[in-house]
Amino acid sequence: RRLVAEEAGAPFDLARGPLIRGRLIRMAADDHVLLLTMHHFVADGWSTGVLFRELAALYTAFTRGEPDPLPPLPVQYADYAAWHRRWVEGPVLEAQAEYWTRTLAGAPELLELPADRPRPAKQDFAGASVRVELDEALTAALGTLSRRHGATLFTTLLAGWAAVLARLSGQDDVVVGTPSANRGRAEVEGLIGFFVNTLPVRVDLSDGPRVGELLQHVKTSALEAQRNQDIPFEQVVERIRPTRSLAYSPLFQVMFAWQNGPDGTLELPGLAVGRAGAAESATAKFDLTLTLWEVGGRIAGDVEYATALFERATVERFVEYLRRVLAGMAADDAVRVDGIPLLPAAERARLVEEWSAGDAAPPAERCIHHLFEAQVARTPDATALVHEGERLTYAELDARADRLAHRLAAVGVGRGVAVGVCLEWRPELVVALLATLKAGGVYVPLDPSLPAGRLAYIADDAGVRAVVTRAALADRVPSGAAVRVDVDADEVSTAPAEAPRALVFPEDLAYVIYTSGSTGQPKGVAVEHGAAAAHLVSVARVHGIVPEDRVLQFASAGFDVSLEQVFFPLLTGATLVLRGAELWSATEFRARVRDLGITVANLPPAYWQEVSDGAAGDALDGIRLLLIGGDALPASAADSRGAGTLVNCYGPTETVVTATAFAVERGAAGGPLVPIGRPLPGRAVYVLDPSGAPVPVRVAGELYIGGPLLARGYLGRAALTAERFVPDPFGGAPGGRLYRTGDRVRWSASGNLEFLGRTDFQVKIRGFRIELGEIEAALRSHDAVRDALVLAREDAPGDKRLVAYYLADEPVAVEALKAHLAGRLPEHMVPAAYVHLDALPLTSNGKVDRKALPAPGSDAFATRGYEAPDGETEEAVAAIWADLLGVERVGRHDHFFHLGGNSLLATQLVFRIRREMDVELPVSDVFEKPELSLLVQHLLDAQLAQFDPDQLEELLALARAADVG
Ligand code: AMP
Ligand code: MG
């Protein structure tokens with residue numbers, strides 16, 4: 001047997017031949033193995049039948065001493081080859097080539113199946129196979145189904161296979177290769193030779209075809225393909241010129257072969273003939289090849305698969321899906337094929353019961369401030385909060401909050417009344433937040449850095465009746481019906497330090513946080529006390545927050561994660577450390593972490609990446625727990641850290657701050673992105689396809705989040721709420737809802753969720769959640785702009801920025817567009833670049849072709865008349881800007897933020913200046929002096945101030961010595 005396998009596996013040397021090897025191996029006097037090894041281009045599958053027939057005839061004749069009984073061949077393979085070449089070179093070839101170019105235009109280049117391993121850069125053709133067997137009942141039912149639709153079994157099986165491939169890949173346009181015997185003429189039927197051709201059949205599964213419709217479509221496609229089968233596949237590839245890759249085969253990567261009956265059987269007189277065991281193939285020409293035939297009333301065969309991509313168990317699952325889809329098709333030919341359930345009961349239960357549910361959350365029956373007050377009673381003298389020189393104990397913080405709550409009650413704040421809080425992060429903000437809740441009000445953060453128009457919109461939309469602020473920010477507060485309450489006013493400091501007796505229930509709203517809205521205005525996500533309190537308490541427990549912890553406030557108040565940062569410590573007796581308004585550079589961050597004794601920090605990935613990049617070994621060791629979230633976490637950013645635990649935290653505002661989490665093990669990040677993990681307490685997560693059915697492991701779907709801890713909905717928007725919060729068919733709780741996140745995710749084999757991207761036009765830039773549609777609407781409101789489209793582009797790796805494309809009769813000055821948007825949108829939503837277009841590029845089916853939009857040129861950025869940098873330092877800093885901002889040239893009057901700079905890039909700029917010029921600047925300098933020449937002037941001053949006078953003496957001495965004065 002080993003000899004057989006080795007012989008069969010030995011390569012053919014095409015230059016020397018022979019291309020057919022024959023051997024008769026004597027095992028015993030009456031036991032022989034006949035081994036024939038051929039290169040595939042000598043003979044195809046059909047030829048085997050011919051060969052067996054002829055071998056039997058010759059053997060029978062020769063053993064009897066009779067002459068060769070076979071009639072001479074009318075034509076030889078060489079005749080056929082010569083004829084074929086002449087024939088296809090004529091008009092036939094042209095017509096067929098045209099058919100294939102038309103049919104395959106725009107087909108996806110790669111069918112992305114949910115493989116177990118990433119595709120190697122070079123296809124290695126190692127393979128294995130698993131058996132397929134359909135029982136007699138299903139085989140018969142498929143026969144009936146086929147006859148009813150005038151289709152062959154081949155058509156029906158191909159349709160089912162394509163449907164499974166579409167479901168697994170999430171692609172509704174699927175190309176499957178099929179071998180065709182290509183023996184259309186009687187003269188060639190009896191020839192041994194290579195006639196077989198490969199026909200790519202393109203199956204369109206968009207618009208959810210029903211079984212009958214899909215069968216008709218596949219029948220037509222397969223028939224047309226057969227009508228155009230004379231042109232060899234290699235020539236089709238040459239015509240179409242698909243992107244050639246060493247990693248996968250061109251035009252299709254999955255085959256389906258239907259064998260019309262098994263290979264001929266060999267019968268020889270006086271001998272018992274059998275097959276010498278079919279050796280399992282150890283190769284795979286394609287990612288998957290499904291081969292089926294019918295024998296003894298059953299459809300059977302195998303799937304050959306590339307072992308570089310798939311595990312055996314995975315392919316066995318695929319085979320089960322195929323069986324279920326075929327059974328579903330046979331059972332009812334009026335159903336949509338994409339609605340046929342794929343998952344067997346056990347697999348389904350694992351996904352929608354076992355993996356989907358987080359632990360139970362505590363019942364949502366407390367209010368946030370009640371929990372805080374209970375903590376005050378337990379640890380009145382512990383430090384609740386520190387900020388710069390200031391320190392408040394729990395009792396002090398509570399007293400201040402009580403006074404302000406009294407004042408709020410006095411101006412009419414009570415149960416369910418919205419209170420705007422327009423303050424930066426200082427102790428007053430924490431006081432205002434607590435006071436609002438104590439008074440029974442609903443906390444609505446009004447970030448003072450937002451444009452006035454936006455603040456006014458939010459205050460109005462939320463129905464804010466009072467705004468807590470301080471004198472210095474008074475001009476930021478929208479003028480309107482709301483009462484302004486100054487935290488520093490006498491009425492506050494003299495109010496009684498005793499909680500007002502406001503009646504508040506867990507079903508009452510605790511806060512409303514506004515996020516970008518796709519239709520042009522931000523929308524308020526409204527969250528109830530019970531859900532928020534249950535989240536904060538249970539997740540603080542998950543993270544093991546203890547009274548000794550010092551938790552950093554980092555996020556601005558407009559992010560719901562700031563509530564975790566405040567209440568994880570304040571509900572456990574730990575200390576909240578306020579960062580304040582200043583954004584720290586990486587160096588500053590490390591120093592502050594040490595000085596302030598921070599043990600828990602919660603940061604967006606981009607900032608963390610910067611802070612950890614190049615941090616000396618132990619600089620961050622004090623942080624025992626790092627919560628990173630709000631945006632996709634690259635594996636590279638998860639590996640470098642201090643001694644602490646790093647957790648990737650995921651969650652939309654609608655599901656109350658954080659819904660899933662994944663603790664990253666050191667050096668075990670694996671793929672390019674860190675998983676977002678499993679559901680936190682009180683959450684249930686489902687990965688569903690567009691029909692709402694759970695998708696198999698490793699198949700991409702949309703993430704839906706259910707469980708008791710969801711937001712109530714969008715304030716004052718019942719229709720939008722109903723659209724995004726849909727009835728929960730899984731959880732079984734009466735009235736249960738699922739929030740449709742719009743996030744594309746998949747389950748990993750170990751039961752962790754992996755984030756893949758968005759299903760819509762929401763993007764994240766520096767952790768800010770942005771609906772591109774909102775920016776587009778704001779642009780369209782400019783008089784000169786007819787239409788607009790905004791993209792988040794990453795033209796340079798790691799540098800994602802917003803680029804606006806607009807249609808207008810004439811280009812509009814970039815400054816004018818920016819000014820228009822700056823009055824309406826927060827700074828992070830104002831695009832960096834503006835590209836004027838006469839028309840939007842369209843795809844062949846009339847949709848906007850986003851991929852065809854050009855990268856912005858240098859005229860797309862705001863610039864004042866260009867003036868070259870002056871002097872060495874200006875040139876050097878200009879070069880750093882150009883590098884960081886990805887622009888070609890930087891002039892001395894250019895503005896860091898107008899060229900696409902942002903706070904994160906500003907911290908990088910400060911870092912680069914320190915590294916390359918040895919001058920330490922605070923990040924705020926970049927904000928204060930955003931113009932190149934001004935920043936450089938300031939830098940030179942700072943350099944001088946840092947100069948060591950002894951060194952100066954030395955330099956002067958040297959200069960004198962060199963006689964340069
Ligand atoms: P927000 O409501 O501002 O918290 O934004 C929620 C959205 O941010 C989610 O729907 C995701 O698209 C994205 N997001 C949040 N956390 C993560 C994370 N850890 N990994 C990937 N994306 C995230
Ligand atoms: Mg979030």
Side-chain angles (χ1 to χ4, degrees), residues 445 447 511-518 522-527 531-532 535-536 539 554-566 568 602-609 626-638 646-664 669 671-680 683 685 687 700-705 709-711 713-714 720 724-725 738-746 748 752-772 774 792 800 826 828-829:
D447 183 341
Y511 63 87
V512 178
I513 284 188
Y514 278 76
T515 103
S516 178
S518 58
K523 52 191 190 283
V525 179
V527 176
H535 169 77
L536 294 166
V539 178
F554 184 88
S556 86
F559 289 94
D560 63 353
V561 76
S562 64
L563 293 166
E564 281 187 356
Q565 295 169 0
V566 169
F568 280 172
N602 185 335
L603 308 169
Y607 187 78
W608 165 245
Q609 209 156 4
L626 259 167
L627 306 172
I628 307 291
D631 208 342
L633 175 61
S636 58
L646 188 145
V647 184
N648 185 15
C649 301
Y650 161 90
T653 310
E654 288 85 342
T655 63
V656 189
V657 200
T658 313
T660 74
F662 180 82
V664 189
L673 283 184
V674 180
I676 56 172
R678 299 170 193 269
L680 284 171
R683 284 10 178 272
V685 294
V687 186
E702 183 175 353
L703 178 61
Y704 285 65
I705 302 180
L709 305 193
L710 294 184
Y714 300 109
L720 184 61
R724 304 302 299 192
F725 293 82
L738 294 180
Y739 172 66
R740 300 185 54 168
T741 64
D743 287 320
R744 275 184 78 232
V745 302
R746 66 178 180 209
S748 75
N752 282 294
L753 292 170
E754 296 174 341
F755 176 84
L756 302 172
R758 292 289 301 176
T759 62
D760 58 11
F761 298 118
Q762 177 182 305
V763 298
K764 279 263 168 152
I765 299 232
R766 291 180 286 131
F768 290 104
R769 171 170 159 182
I770 298 170
E771 292 288 352
L772 297 175
E774 186 177 350
K800 193 155 60 158
H828 61 259
M829 287 178 75

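As the structure lists them, so they are numbered: ligands from 1, and atoms in each ligand from 1. Heads up: numbering here begins at 1 and tracks the sequence.
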So which bit of Y650 gets within less than 4.0 Å of ligand 1, heavy atoms only: side chain, backbone, both or neither?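 Both of them.
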At under 4.0 Å between heavy atoms, which part of D631 makes contact with ligand 1: side chain, backbone, both or neither?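 Only the backbone of D631 comes within reach of ligand 1.
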Close side-chain approach of N752 to R678, heavy-atom, < 4.5 Å: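 Yes, close enough: below the 4.5 Å cut-off.
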Quick check: does T741 get an N/O under 3.5 Å from an N/O on ligand 1?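 The answer is no, given that T741 and ligand 1 share no N or O pair closer than 3.5 Å.
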Identity and separation of the nearest protein heavy atom to [atom]:
| atom | answer |
| --- | --- |
| atom 16 (N) of ligand 1 | G630 N, 3.2 Å |
| atom 10 (O) of ligand 1 | D743 OD2, 2.5 Å |
| atom 7 (C) of ligand 1 | K764 CE, 3.7 Å |
| atom 6 (C) of ligand 1 | P652 CA, 3.5 Å |

Kindly say whether [Y] contributes a backbone atom to a donor-acceptor pair with the side chain of [X] at under 3.5 angstrom?
| X | Y | result |
| --- | --- | --- |
| R683 | T655 | yes |
| R724 | R740 | yes |
| K523 | S516 | yes |
| E774 | G517 | yes |
| T658 | G651 | no |
| E564 | V657 | no |
| N648 | P675 | yes |

Atoms in ligand 1 flagged as close to [X], the criterion being non-hydrogen separation under 4.0 Å:
| X | result |
| --- | --- |
| R758 | 10 (O), 12 (O) |
| G651 | 4 (O), 6 (C), 16 (N) |
| N648 | 19 (N) |

Just wondering, is there an N, O or S atom on G651 that's nearer than 2.8 Å to the Mg ion (ligand 2)?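 Yes.
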Look at atom 19 (N) of ligand 1 and find which of A661, C649, P675 reaches it with the closest heavy atom.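 It is C649 that holds the nearest heavy atom.
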Positive for side chain to side chain contact (heavy atoms under 4.5 Å, CB included) with Y650, one of T741, L680, L753: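 Running side chain to side chain contact (heavy atoms under 4.5 Å, CB included) over T741, L680, L753 with Y650 returns exactly one hit, T741.
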May I ask whether T515 has any heavy atom positioned less than 4.0 angstrom from an atom of ligand 1?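 T515 does not count as a contact of ligand 1 under the 4.0 Å cut-off.
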